[in-house]
Amino acid sequence: MKIDILSAVPDLLSGPFDHSILQRARERGLLNVNVIDLRQYGLGKHKQIDDYQYGGGAGMVMMAEPLFNAIAELKGETAYDEIIYFTPDGEKLTQSVANRLSLCRNLLCICGHYKGIDQRIRDHMVTMEISIGDYVLSGGELAAAVLVDSVGRLIPGVLNDETSALFDSFQDNILAPPVYTRPADFNGWKVPEILLSGNDGAIEQWREEEAIRRTKSRRPDLLDKA
Ligand code: 6GU
């Protein structure tokens with residue numbers, strides 16, 4: 001999968017994809033992330049990309065023309081499955097949205113700043129609008145990083161048996177059970193006896209019970225969907 005990210009602050013995206021699972025995905029050629037600097041498409045000698053909003057009000061709006069030119073050029077090179085704009089009024093990013101996007105070939109992500117982007121770009125060029133939660137970020141870059149991480153790890157071939165997504169929290173709307181590693185006694189804090197028993201059936205049953213208990217107490221809203 002290729003994910004292109006159009007941003008006025010590309011530096012914000014220089015670190016997050018260089019580690020762990022996403023790094024492996026990139027090394028294996030399964031994920032290719034490109035950050036494109038919107039400023040290249042800025043207008044005039046100052047490479048202007050934002051302007052005051054019509055009707056008055058505080059805050060700058062990202063102009064249609066630089067965005068249009070950037071998106072048009074990128075679309076000339078790549079057939080995108082979705083052109084995604086990150087905005088607090090978008091569709092909430094859930095595991096099911098991530099699952100769906102992980103099957104795409106090419107995505108273009110547009111990161112807004114200031115008061116957002118000119119509505120005409122949203123109306124005519126964007127195909128999907130995503131929010132990562134009910135709070136306000138100062139720009140779409142961190143949301144794009146969240147999307148690349150949540151989607152990238154689901155690309156077929158990225159995870160192996162050990163890191164399989166099948167047992168993730170949310171994959172079936174049940175939270176994951178608690179996990180432990182050595183030592184079995186740390187500071188007198190003990191690992192549940194059952195996990196040391198070697199009884200695979202009993203362990204599996206314990207994990208299921210704990211997962212459901214955790215979901216009931218922390219996220220009862222999920223159980224209605226499970
Ligand atoms: Cl996707 N963008 C911005 N700017 N703020 C957000 C968001 C996105 N999701 C939640 N808050």
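Counting convention: from 1, in listed order, for ligands and their atoms alike. Worth knowing before you read on, the calculation uses all heavy atoms, side chains too, and leaves out hydrogens, waters and symmetry mates. None of these values were measured; they are calculated from a predicted model.
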(message) I'd like to know if D185 and K190 make a salt bridge, using a cut-off of under 4.0 Å between side-chain N and carboxylate O.
(response) yes
(message) One residue to check: A143. Relative to ligand 1, which of side chain, backbone, both or neither has a non-hydrogen atom less than 4.0 Å away?
(response) side chain
(message) Check R24 with E27, please: is the shortest side-chain N to carboxylate O separation under 4.0 Å?
(response) no
(request) Give the residue, atom name and distance (to 0.1 Å) of the protein heavy atom nearest atom 10 (C) of ligand 1. (result) G133 O, 2.9 Å
(message) What I want to find out is whether D50 reaches K115 closely enough, with some N-O distance under 4.0 Å, to be called a salt bridge.
(response) no
(request) Give yes or no for whether the N/O distance cutoff of 3.5 Å, strictly under, is met between L137 and ligand 1. (result) yes
(request) State whether a side-chain donor-acceptor pair under 3.5 Å links S7 with E141. (result) yes
(message) When you compare ligand 1 with S138, is there at least one nitrogen or oxygen pair between them that comes in under 3.5 angstrom?
(response) no
(message) Using a 3.5 Å cut-off on N or O atoms only, is I132 in polar contact with ligand 1?
(response) yes
(message) Please determine whether a side-chain nitrogen of the Lys or Arg among D221 and R219 lies less than 4.0 Å from a carboxylate oxygen of the Asp or Glu.
(response) yes
(message) Can you name the atoms of ligand 1, numbered from 1 with element, that are less than 4.0 Å from a heavy atom of I130?
(response) 1 (Cl)
(message) Test of understanding: given a 4.0 Å heavy-atom threshold, classify the contact between D134 and ligand 1 as side chain, backbone, both, or neither.
(response) neither
(request) Could you find the nearest protein heavy atom to atom 11 (N) of ligand 1 and give me its residue, atom name and distance? (result) Y135 O, 2.4 Å
(request) Look at R100 together with E91 and state whether they make a salt bridge at an N to O cut-off of under 4.0 Å. (result) yes
